[in-house]
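Heads up, the thing below is written out as structure tokens.
Positions are given from 1 along the sequence.
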Amino acid sequence: MKKLFDYADSYLKKCDWRDLALIKFCLFSIGIMAGLRIPERHRKNVMTAALAVFAVTYIPLMAKFFGVIVDSGRQTGNE
């Protein structure tokens, strides 16, 4: 498993924002396709679960992003 993460790290070092945007659009389209296959009676439960997963993953990502911005501002201010 560690090797897999090492490969992912190497891949991300070679990516730019366009590559990551493509990954997000790809995952988004897969999510839409999966959503179309869900029976009507289960859609509310699936939406609730998806919203929970989104919140649990998005908040830490944005916290890290804003931390990088704050650290960058501190480094720029010390010059």
Quick one: CE on Met1 to CG on Leu4, what's the gap to the nearest 0.5 Å? 6.0 Å

Are the side chains of Lys44 and Met47 in touch, meaning some heavy atoms are under 4.5 Å apart? no

When rounded to the nearest 0.5 angstrom, what distance separates CD1 in Ile32 from CZ in Arg37? 15.0 Å

Same cluster or not: Phe25 versus Ile30, using hydrophobic residues (I, L, V, M, F, W, Y) connected whenever any side-chain heavy atoms lie under 4.5 Å apart? no

Nearest non-hydrogen partners of Asp19 and Lys14, listed with the distance: OD2-O, 4.3 Å

Over all heavy atoms of both residues, which pair between Pro60 and Ala55 is shortest? Give the atoms and the distance, please. CD-O, 4.1 Å

side-chain contact (heavy atoms from CB on, under 4.5 Å) between Leu20 and Ile23, worked out: CA-CA 5 Å; Leu20 297 176; Ile23 291 170; 4.2 Å; yes

Side-chain heavy atoms nearer than 4.5 Å, only ILVMFWY residues, links allowed to pass through others: does that put Phe54 and Phe66 together? yes

When you check the gap from the basic side-chain N to the acidic O, do Lys2 and Asp6 get nearer than 4.0 Å? yes

